Amino acid sequence: MDTNALMMPVELDVRVFDELDRLLSADVDLVVPTAVLDELEKLSTGGGTEAVAASVGADLATRCRAVETEESYADDAVVELAESGDVDYVVTNDKPLRDRILDCGIPVVGIRGHATLAITEP
């Protein structure tokens, strides 16, 4: 899961974990790079809706397994995981990141319509 996926509940009114259960399964192993956790922490110190969304995202991230990567930039850390073959899907609503992940041959879960997630195959 990337940063904006964890911020979707506030920013886009998406029940991310319910949608992932619907699409994938209830026993899926959700992971988040520690670089994403760091980015959420930094964003949550600001003001406004973005800070609230980041704070909620950081709380939601506790439902995921944190994984270390070599990359310190969040998007690059997500791509590193995709390239490693250790993930089956990446959850993001970031179009440039989505394209990078699809180029790695990994399906992307992202927003489709209002408050619904869908899978985009490479």
Side-chain angles (χ1 to χ4, degrees):
M1 296 189 72
D2 83 332
T3 304
N4 70 40
L6 290 162
M7 293 171 62
M8 276 193 252
V10 172
E11 294 183 331
L12 301 173
D13 196 28
V14 175
R15 298 181 60 89
V16 175
F17 292 102
D18 290 346
E19 283 293 299
L20 290 173
D21 286 347
R22 179 184 64 78
L23 279 175
L24 306 174
S25 74
D27 64 345
V28 69
D29 180 29
L30 299 173
V31 298
V32 61
T34 54
V36 167
L37 299 175
D38 293 343
E39 184 173 48
L40 287 168
E41 170 104 14
K42 288 176 192 165
L43 291 171
S44 69
T45 62
T49 304
E50 182 179 65
V52 171
S55 180
V56 169
D59 287 342
L60 291 173
T62 62
R63 296 174 66 176
C64 304
R65 181 170 51 92
V67 293
E68 293 287 333
T69 62
E70 296 291 321
E71 298 292 340
S72 60
Y73 177 64
D75 286 2
D76 292 342
V78 172
V79 171
E80 179 184 324
L81 286 176
E83 290 175 337
S84 74
D86 291 337
V87 296
D88 296 322
Y89 299 90
V90 170
V91 184
T92 185
N93 204 40
D94 177 315
K95 287 183 173 86
L97 178 58
R98 179 196 65 201
D99 293 343
R100 290 175 66 190
I101 298 302
L102 292 171
D103 287 345
C104 294
I106 301 294
V108 174
V109 176
I111 194 82
R112 173 103 13 103
H114 179 71
T116 304
L117 296 180
I119 299 170
T120 302
E121 297 288 339

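Computed over heavy atoms, backbone and side chain alike; hydrogens, waters and symmetry mates excluded. All of these numbers come straight from a predicted model, not from anything done at the bench.
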S.K.: Quick one: pull up OG1 in Thr92 and CD1 in Ile101 and give me the separation to the nearest 0.5 Å.
M.R.: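 Thr92 atom OG1 to Ile101 atom CD1 measures 7.5 Å (nearest 0.5 Å).
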S.K.: Taking the side chain as everything from C-beta on, heavy atoms only, tell me whether Val16 gets closer than 4.5 Å to Pro9.
M.R.: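 With C-beta onward as the side chain, the pair touches.
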S.K.: Let me confirm one number: the OG1-CG distance from Thr3 to Asp75, rounded to the nearest 0.5 Å.
M.R.: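 The OG1 atom of Thr3 sits 7.0 Å away from the CG atom of Asp75.
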S.K.: Roughly how far apart are Leu102 CG and Glu121 CD, rounded to 0.5 Å?
M.R.: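 It comes to 9.0 Å.
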S.K.: According to salt bridge (Lys or Arg N to Asp or Glu O under 4.0 Å), who are the partners of Arg22, at least two apart in sequence or on a separate chain?
M.R.: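 Result, salt bridge (Lys or Arg N to Asp or Glu O under 4.0 Å) vs Arg22: Glu19.
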S.K.: Quick check for you: to the nearest 0.5 Å, what is the distance between Leu6 atom CG and Leu37 atom CG?
M.R.: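 Output value for this atom pair is 8.0 Å.
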S.K.: CD/Glu39 to CE/Met7 distance, rounded to the nearest 0.5 angstrom?
M.R.: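 Spacing of CD (Glu39) from CE (Met7) equals 8.0 Å.
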S.K.: Could you state whether Ile119 and Val14 fall into the same hydrophobic cluster, counting links through intermediate Ile, Leu, Val, Met, Phe, Trp or Tyr residues with side-chain heavy atoms under 4.5 angstrom apart?
M.R.: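 Both belong to a single hydrophobic cluster.
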S.K.: Closest approach of Ala77 and Ala35, non-hydrogen atoms and distance?
M.R.: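 Nearest heavy atoms, Ala77 then Ala35: CB-CB, 3.8 Å.
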S.K.: Is the side chain of Thr116 donor-acceptor paired with the backbone N or O of Gly113 at a distance under 3.5 Å, no angle test?
M.R.: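 Looks like no, no N/O pair under 3.5 Å.
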S.K.: Is the closest side-chain heavy-atom distance between Pro107 and Thr120 below 4.5 Å?
M.R.: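 Pro107 does not reach Thr120 side chain to side chain.
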S.K.: Do the side chains of Leu12 and Val90 join up, straight or via other hydrophobic residues, at under 4.5 Å, putting them in one cluster?
M.R.: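 In one cluster with Leu12: Val90, yes.
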S.K.: With side chains defined as the heavy atoms from C-beta onward, is the minimum distance between Pro33 and Val36 less than 4.5 Å?
M.R.: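 The answer is yes, as the side chains (C-beta and beyond) meet within the 4.5 Å cut-off.
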S.K.: With a 4.0 Å cut-off, would you call Arg100 and Asp76 a salt bridge?
M.R.: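 Looking at Asp76 together with Arg100, the answer is yes, because their closest N to O distance falls below 4.0 Å.
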S.K.: Using a 4.5 Å cut-off on heavy atoms from C-beta on, say whether the side chain of Leu30 contacts that of Arg63.
M.R.: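 Arg63 vs Leu30: side chains apart.
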S.K.: Phe17 and Met1: side-chain contact (heavy atoms from CB on, under 4.5 Å), yes or no, with the steps?
M.R.: CA-CA 11 Å; Phe17 292 102; Met1 296 189 72; 4.1 Å; yes
S.K.: List the steps, then state whether side-chain contact (heavy atoms from CB on, under 4.5 Å) holds for Val32 with Val67.
M.R.: CA-CA 6 Å; Val32 61; Val67 293; over 6 Å; no
S.K.: Does the pair Glu11 and Asn93 meet the rule for a side-chain contact (heavy atoms from CB on, under 4.5 Å), with working shown?
M.R.: CA-CA 11 Å; Glu11 294 183 331; Asn93 204 40; over 6 Å; no
S.K.: Is the shortest side-chain heavy-atom distance between Asp103 and Pro122 below 4.5 Å?
M.R.: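 Result no, sub-4.5 Å side-chain heavy-atom pair not found.
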S.K.: Do you reckon Val28 sits in the same ILVMFWY cluster as Val91, going by side-chain contacts under 4.5 Å, direct or chained?
M.R.: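 Yes, one cluster joins them.
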S.K.: Applying side-chain contact (heavy atoms from CB on, under 4.5 Å), can you list everything that pairs with Glu70, at least two apart in sequence or on another chain?
M.R.: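 Glu70 satisfies side-chain contact (heavy atoms from CB on, under 4.5 Å) with Glu80 only.
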S.K.: If I take atom CG from residue Leu117 and atom CG from residue Asp18, how far apart are they, to the nearest 0.5 angstrom?
M.R.: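 Going from the CG atom of Leu117 to the CG atom of Asp18 covers 10.0 Å.
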S.K.: State whether the side chain of Ser84 and the backbone N or O of Leu81 hold a donor-acceptor pair below 3.5 Å, judged by distance alone.
M.R.: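 Side chain of Ser84 to backbone of Leu81: a pair is present.
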